[in-house]
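What follows is a set of notes on a single structure, which appears directly below.
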Amino acid sequence: RAAAAVRSSPGALVPPAELPQSGRDVLEAEVAGGEYGAVGVSVHFSVYFATLGGLFLGVDNGYFIAGDALAMLKWVGLDMLIDLDHLNPKASNFAVAWILAKFTEPVRLPVTLWLTPRIATAIRRVGLR
């Protein structure tokens, strides 16, 4: 299906291909949020929490180098400011997983934009929306 033109100024229509990159990002966000609404938001948070949960399990079970987050914090010298021996290791592992999840944003956004229309179509087919 063809992408809709966007108004760049009153009365002027600009095709999406001619928009600057930031304009295309805004257009993609409008399509995901405006056309698909709650489905787009739900898909976004589902992908985010699945990523965060998977990273936490990986960090907590030692599959990533940052598995021992307390040792990493001591290596950086944070033990001089905070008593790291009294920190919950799960909390520090979650913090490392959260930071790693921030680096996955460039991958999560295209996944969300790809999944959203497919899930919305499936929901409409079933008759839930």
Side-chain angles (χ1 to χ4, degrees):
R1 98 184 159 199
V6 178
R7 292 190 187 279
S8 61
S9 63
L13 291 176
V14 177
E18 295 178 15
L19 288 174
Q21 183 61 39
S22 62
R24 275 182 264 169
D25 293 342
V26 170
L27 178 63
E28 289 173 356
E30 286 179 5
V31 169
E35 185 177 342
Y36 300 108
V39 174
V41 172
S42 298
V43 169
H44 168 74
F45 282 111
S46 297
V47 170
Y48 174 73
F49 286 122
T51 302
L52 182 61
L55 287 170
F56 173 72
L57 288 174
V59 169
D60 200 43
N61 290 315
Y63 291 114
F64 296 114
I65 296 172
D68 188 4
L70 287 176
M72 185 176 69
L73 294 174
K74 286 181 183 180
W75 181 77
V76 190
L78 195 62
D79 57 338
M80 294 179 191
L81 301 173
I82 301 171
D83 186 13
L84 294 176
D85 295 326
H86 289 79
L87 279 182
N88 183 347
K90 297 266 186 204
S92 57
N93 286 345
F94 181 80
V96 170
W98 181 74
I99 291 168
L100 290 174
K102 292 297 177 188
F103 288 105
T104 65
E105 180 66 30
V107 175
R108 285 187 288 119
L109 181 62
V111 168
T112 299
L113 292 174
W114 182 82
L115 276 175
T116 300
R118 286 151 181 81
I119 291 176
T121 302
I123 288 173
R124 288 182 189 130
R125 223 179 264 147
V126 172
L128 294 175
R129 187 168 182 224

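Values below: all heavy atoms of this structure, side chains included; hydrogens, waters and symmetry mates excluded.
- With rounding to the nearest 0.5 Å, the separation of OG1 in Thr51 from NZ in Lys102 is 11.5 Å.
- Nearest heavy atoms, Thr116 versus Thr112: OG1-O, 2.6 Å.
- Taking each heavy atom of Pro110 and Glu105 in turn, the nearest pair found is CD-O, 4.4 Å.
- Residue Arg125 qualifies as open at atom CZ: its count of foreign heavy atoms under 6.0 Å is 12 or below.
- The closest donor-acceptor contact from the side chain of Asp60 to the backbone of Phe56 lies at 3.5 Å or more, if one exists at all.
- Phe49 and Phe94 fall within the same hydrophobic cluster, defined by Ile, Leu, Val, Met, Phe, Trp and Tyr side-chain heavy atoms under 4.5 Å apart, directly or through other members.
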Would Leu55 and Thr104 satisfy side chain to side chain contact (heavy atoms under 4.5 Å, CB included), going step by step from the backbone distance to the final call?
CA-CA 10 Å; Leu55 287 170; Thr104 65; 4.3 Å; yes

Can you give the donor-acceptor pairs under 3.5 Å from side chains of residues 37-46 to other protein atoms, not counting sequence neighbours?
residue, atom, partner, partner atom, Å
Ser42, OG, Ala38, O, 2.8
Ser46, OG, Ser42, O, 2.7

